[in-house]
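Here is the structure we will look at, set down as structure tokens.
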Amino acid sequence: MLSRKIIDELTAVLGKENVLTEKEELACYSFDATADMPQSMPDVFVTPTCTEEVQKVVEIASKNKVPVYTRGSGTNLSGGTIPLKNGIVMGMVKMNKILEIDAENLNAVVQPGVIIQDLNDAVAKHGLIYPPDPGTVKTATMGGSVAECSGGLRGLKYGVTKDYVMGLEVVLANGKVMRCGGKTVKNVTAYDMVKLFVGSEGTLGIITEIIVKLIPAPETRKSFLASFKSLDDAANSITGIIASKVIPATLEIMDNATIKTVENYAHVGLPTDAEAILLIEVDGLPEVVAKEAQAVEKVCKENNGQLKVAETDEERDNLWTARRAALPALAQVSPTTVLEDATVPRSEIPKMLKALQEIAGKYDLKIGTFGHAGDGNLHPTILTDERNKEEMERVHKAVDEIFDAALKLGGTLSGEHGIGMAKMKYLENEFKEAGVEALRSIKKALDPENILNPGKIIDLEG
Amino acid sequence: MSYYDLLQNINEEIIKCMKCGNCQAVCPIYKETKGESGVARGKIQMAKALLEGRLEYNEKLAELFSLCLTCKACADNCPCGVRPDKIILAVRAALAREKGLHPLKRRIFSVLAKPKVFRLGMNAGSVFQGLGLKRVKGKNLAHPRFPIGLDMRRVIRPLASQSLISELPRINKPQNPQFKVAFFTGCMLNYLYTDAGKAVVDVLNKNGVEVVIPEAQHCCGIPTFVHGDMSTSKKIAKYNIDVFMKEDFDAIITHCGTCIGAWVEHYPEFLADDPEYAEKANKLANKAYDFSQFLIEKVGLKRPEVSLDVKVTYHDPCHLVRGVGVATQPREILKAMPGVELAEMKKPDRCCGSAGSFSLTHYEMSSKIRDKKTEDILSVNPDAVITSCGACRMQLEDGLYQTGADIPVKHLAMLLQEAYQKEGK
Ligand SMILES: Cc1cc2nc3c(=O)[nH]c(=O)nc-3n(C[C@H](O)[C@H](O)[C@H](O)COP(=O)(O)OP(=O)(O)OC[C@H]3O[C@@H](n4cnc5c(N)ncnc54)[C@H](O)[C@@H]3O)c2cc1C
Ligand code: SF4
Ligand code: SF4
């Protein structure tokens, strides 16, 4: 429990309406979107409304050695916002102003609590887009997505969050404010601190302002659904498309288990006998789109794919409804949905999909896999029930093996959901001892008291 | 046993929630408070904590659970098919059981439990309300004169001088009727918006439908249900079922989002394990229709011949659009009317913030939510707003009044009535 004195200090800075201490309210900040995690209650929940208030909160925390867990919308999938060691949860949702849209220089300046979709709606008027689009665009905050380096459906062609963050304002663990990066396209002044803070999951500093890059909205687009009787054919199409020098905006895959579940749920006419389907979209200038579309068709046909082209906007929407239905459909099958994001080099996708099928068989689990085939980022989704202790044990073993398999294929633990507390124990498998030591040194240098999101990514105490 | 009688039974619904937070995108309360306790995800986790003994029944919990419009936007948008509205109402019922109702609510509901006393009070109320309400010049709206549990700023619709049921005959029969329906007026149409009630009868008659108005009918009971008073809600449900079982008709007709929800969804679920009433409730549920639904699906609308020359926008009542899935039927009617231009506002199905008594108990929050709605309405610059629910209508009238706009809000039946009346001239 925090002392009355600390609560009073916080209240003096933020005002009563921004400091919550009743346990009913606090219970609402003891979890995030991650399945199968312990819940832990904060001692207090605060909502600063400006950088100075964030600084003051951090100063109070640092003086009293109290943990600060920064929270956006709490939609992350790695336990990143769970206040494992109690203390302060700091919600950034009230710092939600779009400070500037500089259409001429193709950038925007936002506060961390801005919801991604709200930024997109605001820049659409200028014919611009902010491409990173995680499944949670309508709920996730800019701060949270920068701190997670979120990806999304368009990663293959447009990259992920880190490719769009140009500058940051960050409150450090000692309460001081630093700025890094800026509005210029080129910037090599000293270390690339922007990239360091992107994906740092609230463990190195608190992001209070973000300068992002915007790009012109593509003029046209064309979508396809290709179904395959074998995984290899699907995989060869993925590599074939890219080998023919086409980079689709989206290149998504669904395995048979997912196809069946989606069809059963959404009735959108998916081929339930297909081993895999690919959902492909090319976009850009009309002439380029036409040419790329031809190439996509050719490759899919050569690899025995059945091709369906979305001719109208409505058909296109239907196609993407099917993709968006993947997670909901799987989630409805059973009470608990364990969603991973192990990622492998594109060429290893068929091996990874086969490994997942084997793991599902070995542990007698239902695993549906879908994901961003174009960038090798798969979402094996285990359908289970957290009340079934025996099954959960098998789930944990399966998860261990999934990460093993991904690393063996030259992949990584997390493509876009982050490490948080969910994947900490695997970190050394990928980073090895020297790597973990380097991570620890960075954490120590920036947060010597270990007050920023302690117990996540790297634990200084253990 | 229903989860409204035993909270444990809502567990299956709770466990379905994957905590994705998608409900944040649509919850009107979350949009205002930005607090996790405002949105379905937070409330579901509080319910879970309550069942696991990590939280207890207390004032704070009651306060937090009162902050929900039961607008079902979360349910509609949930990838896992969770029904947060049911979880929230189940907790409210458990709170009422464990902690008792607020004394003021208890007094009001005890009157509601007695149909005759309530009717007497409401009829007398129309005579005495002049003492408490100050009329707005030129409009049938009024400000409260004293802080009688109402915010002084708001305008409300005064009680009609005579209730619909006492004003209209019991049987309203056109020549050669094709159908016979029983009209469940609901309180709003019976005591406040009698203009809409009369329009329903008129329009149905014009469409060859005989309308019977059972005089003993009572409030639908949902106001007591949303505050967790299950015993009164069940009493009222049974009472109304008894009244309507005595009649002979093809359908029960309502023109109110809440009333239709009561008949179609709630009576059957309240009484699911009642040996005497379960079957009756289901039988009547299958016969209950919203006014527009019945005209479109059963009767086939008699298209008005004369053009009205108005631009309207339609507001979807939450319980009509998400509760029973009626959204296309009212629009089909509007589109079939010559000279009626339907200018859709942005998000016509977003909650107006009324949520019945929520607008009384949380006027400030309710007004903020309502202001978003009025803004959307004004942006399409209509001559009139059309809706299908008295509570929404009152909320929108207040909202438009506060902006100074002179745009009337009407029940759908009233617009049809105008068109048919013009034909007669
Ligand atoms: C259904 C579903 C689909 C998803 N789809 C995708 C997807 O396609 N791609 C993808 O990449 N992710 C996806 N996610 C994960 C998640 O939505 C993203 O990581 C999202 O960007 C998190 O944003 P948030 O505002 O909810 O952050 P939070 O969950 O609140 O926080 C995330 C992390 O950032 C830290 N943080 C938050 N704000 C700040 C700040 N201002 N300064 C410093 N640190 C901060 C927190 O401490 C935490 O560690 C999905 C999640 C769900 C539930
Ligand atoms: S209620 Fe539905 S939308 Fe909200 S968090 Fe739970 S699963 Fe997600
Ligand atoms: S019913 Fe409406 S107000 Fe209540 S939690 Fe759901 S979206 Fe929010």
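Quantities reported herein were computed from a predicted structural model and do not represent experimental measurements. In what follows, chains are A, B, ... by sequence order, proteins preceding strands, each numbered from 1.
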Using the test salt bridge (charged side-chain N to carboxylate O under 4.0 Å, His left out), find all partners of R97(B) that sit at least two apart in sequence or belong to another chain. none
Interatomic distance, E25(A) atom CD to M46(B) atom CE [nearest 0.5 angstrom]: 7.0 Å
I need the C80(B) SG to L327(A) CG distance, nearest 0.5 Å. 7.0 Å
In terms of heavy-atom pairs under 4.5 Å with chain B, which of N96(A), T336(A), T139(A) leads? T139(A)
Report, by ascending residue number, the residues of residues 75-95 of chain A in heavy-atom contact with chain B at a distance under 4.5 Å; give 'none' if the set is empty. T75(A), V93(A), K94(A)
[X] portion near chain B, given a 4.5 angstrom heavy-atom threshold:
X       : result
Q117(A) : neither
Y265(A) : side chain
E22(A)  : side chain
Q39(A)  : side chain

List the atom pairs, donor and acceptor, that lie under 3.5 Å between side-chain atoms in residues 17-31 of chain B and the rest of the protein, sequence neighbours left out.
{"residue": "K19(B)", "atom": "NZ", "partner": "T34(A)", "partner atom": "O", "Å": "2.9"}
{"residue": "Q24(B)", "atom": "NE2", "partner": "S73(A)", "partner atom": "O", "Å": "3.1"}
{"residue": "K31(B)", "atom": "NZ", "partner": "A25(B)", "partner atom": "O", "Å": "3.0"}

Got [X] and [Y] here, is their nearest side-chain heavy-atom distance under 4.5 Å?
X      : Y       : answer
I15(B) : R387(A) : yes
E63(B) : E24(A)  : no
R71(A) : E36(B)  : yes

Minimum heavy-atom separation for D32(A) and R41(B), please, with both atom names. C-NH1, 4.1 Å
Considering all heavy atoms, the nearest Y29(A)-K34(B) contact: OH-O, 4.5 Å
Suppose we screen for side chain to side chain contact (heavy atoms under 4.5 Å, CB included). Which residues come up paired with N318(A), at least two apart in sequence or across chains? none
